[in-house]
Amino acid sequence: MGQREGAAGLTTHAPQAAQAVTLPTTLDEAVAALTAMPTAVPVSGGTDLMAAVNSGQLRPAALVGLGRISEIRSWQYQDGHALLGAGLTHARMGRPDFAALIPALAAAARAAGPPHIRNAGTLGGNIASAAPTGDALPVLAALEATLIIAGPGGARREIPVSHLLAGVEMLRGGELIGYVRVPLLHAPQVFLKATGRTGPGRALASVALVLDPARRGVRCAVGAIAPMPLRPLEAEQWVAQLIDWDNDRALVPEALHAFGEYVAAACIPDPAPEPDGSVTPLPPAVLHLRRTVAALARRALGRALS
């Protein structure tokens, strides 16, 4: 999946502005097509792409359709990890067999929007478009997933998903997201989101939380409130030290409440003091958002520990 890829399964309505449509059947063929046509845009379902075209933000000169590449539409087990094809649709990830594998990602896939969006949108498209409200993004950040990038000449390289989302590393010319490697923790993991009036199923804020009993750790990522998912690392470390990992992962209710506040304050901090020492209060809308994040984080940890 390329940087401007929309979501999954090739759209049947190519933009009229497109001059050429290429339909490769392998990942390397798709990379070769993009290398030969640097201005081409990769597309699967086109949920984001078509929105950009219809709004006049994008006029692709050519399209490289990814919907016929079967190798990226499934998953396999690999050394304690799940290797997920970038072409997996939200609908497929929402099914019970996948939910047994990676529950939080399945929950995010089921919450991704109405059926036509879930049937078209893909995991790779969610990552490549990097929309702040992408439901899969905080889950992948909390799971510390790794991307396998396909490049020209059969080249493959791996980068943390957080590096791509943060802009630390970018896709190079002709590259596509081929697979996503996710560690299988075999431990509780939760995805929750709050929706507003910004569109069907679109997140106002979301929280992904996973427990890592082997490392006695908690990993949390907050989505939708910033250009990329936020990891409140200090809050994670603080609450992990309070969990009784040897006694049914017990945690006192006061710590659960404090964790939510800690996460929210880390992600939506108070304004810096003015030169005279006064502090401007947060606007009501921002304060409401911070309370929403606190509630989601508290609820997610509570569910993971129950």
Looking only at non-hydrogen atoms, find the nearest pair between Ala108 and Val139 and report the distance. CB-CG2, 3.9 Å

For the OH atom of Tyr179 and the CG atom of Leu123, what is their distance to the nearest 0.5 Å? 12.5 Å

Could you give me the CA-CA distance, side-chain angles and deciding distance for Val64 and Val21, then say whether side-chain contact (heavy atoms from CB on, under 4.5 Å) is met? CA-CA 6 Å; Val64 175; Val21 178; over 6 Å; no

Do Phe191 and Pro138 make a side-chain contact, defined as non-hydrogen atoms from C-beta onward lying under 4.5 Å apart? yes

With a 4.5 Å limit on heavy-atom distance, are the side chains of Thr146 and Glu158 in contact? yes

To the nearest 0.5 Å, tell me how far Leu209 CG sits from Arg219 CZ. 10.0 Å

Please examine the side chains of Pro271 and Leu282, heavy atoms only from C-beta on, and report whether any two atoms are closer than 4.5 Å. yes

Check whether any side-chain heavy atom of Val207 lies under 4.5 Å from a side-chain heavy atom of Arg299, and answer yes or no. no

Non-hydrogen atoms of Ala120 and Thr89 that approach each other most closely: O-CG2, 4.4 Å

Taking all non-hydrogen atoms of both residues, which atom of Leu34 and which atom of Gly174 are closest, and how far apart? CB-CA, 4.0 Å

Under a 4.5 Å cut-off applied to non-hydrogen side-chain atoms, are Arg73 and Arg68 in contact? no

What distance do His81 atom NE2 and Leu143 atom CG have between them, rounded to the nearest 0.5 Å? 10.5 Å

Treating Lys193 as the side-chain partner and Ala111 as the backbone partner, does any N or O pair qualify as donor plus acceptor under 3.5 Å? yes

Counting only N and O atoms by type, is there a donor-acceptor contact under 3.5 Å from the side chain of Glu175 to the main-chain atoms of Ile149? no

Nearest-0.5 Å distance, NE2 of residue His257 to CG of residue Leu251: 13.0 Å

Which heavy atom in Gln189 sits nearest to a heavy atom in Ala104, and how many Å separate them? OE1-N, 3.0 Å

At their closest point, which heavy atom of Thr22 faces which heavy atom of Pro24, and how far apart are they? O-CD, 3.3 Å

Mind checking whether Leu66 and Val43 have side chains closer than 4.5 Å, heavy atoms only? no

According to a hydrophobic-cluster definition based on side-chain heavy atoms being under 4.5 Å apart (Ile, Leu, Val, Met, Phe, Trp, Tyr only), do Trp238 and Val252 belong together? no

Interatomic spacing from CG in Leu176 to CD1 in Ile148 - rounded to 0.5 Å: 13.5 Å

Return yes if some donor-acceptor pair links the side-chain N/O of Asp244 with the main-chain N/O of Asn247 below 3.5 Å, else return no. yes

Hydrophobic clustering (ILVMFWY, side-chain heavy atoms < 4.5 Å, transitive) - are Leu233 and Ile225 grouped together? no

Rounding to 0.5 Å, atoms CZ (Arg231) and CD (Glu144) come to a distance of 4.5 Å

So, are Arg118 and Asp135 salt-bridged, with charged N and O less than 4.0 Å apart? no

Main chain of Gly217, side chain of Asp212: is a donor-acceptor contact present, judged purely on distance under 3.5 Å? no

Test your reading of the model: is there a side-chain donor-acceptor pair from Arg298 to the backbone of Gly260, 3.5 Å cut-off? no

Which residue is it: Leu242, Val239, Leu301? I am looking for the one with a side chain to side chain contact (heavy atoms under 4.5 Å, CB included) to Leu256. Leu301

Hey, are the side chains of Asp97 and Leu101 touching, using non-hydrogen atoms and a 4.5 Å cut-off? no

Dump the intermediate steps for salt bridge (Lys or Arg N to Asp or Glu O under 4.0 Å) on Arg181 and Asp79, then the final yes or no. CA-CA 10 Å; Arg181 193 195 310 278; Asp79 301 326; over 6 Å; no

Do the side chains of Glu261 and Arg290 get close enough for a salt bridge, i.e. N-O under 4.0 angstrom? no

Are any non-hydrogen side-chain atoms of Leu140 and Val180 less than 4.5 angstrom apart? yes

List the atom of Gly124, the atom of Ile177, and the distance in Å for their closest heavy-atom pair. O-CD1, 4.2 Å

Output yes when Arg156 and Asp28 qualify as a salt bridge under the 4.0 Å nitrogen-oxygen rule, no when they do not. yes

Within the 3.5 Å criterion, strictly below it, is a donor on Arg202 or Thr133 matched to an acceptor on the partner's side chain? yes

Go through the structure and list residues passing salt bridge (Lys or Arg N to Asp or Glu O under 4.0 Å) with Glu71, not counting sequence neighbours. none

Just by distance, with hydrogens left out, do Asp276 and Ser278 show a side-chain donor and acceptor under 3.5 Å apart? yes

Kindly say whether the aromatic ring centers of Trp75 and Phe98 come within a distance under 6.0 Å. yes

Ignoring hydrogens and angles, tell me if any N or O in the side chain of Gln78 forms a donor-acceptor pair with the backbone of Leu83 under 3.5 Å. no

Tell me, with the steps shown, if Val279 and Glu274 meet side-chain contact (heavy atoms from CB on, under 4.5 Å). CA-CA 6 Å; Val279 177; Glu274 300 292 340; over 6 Å; no

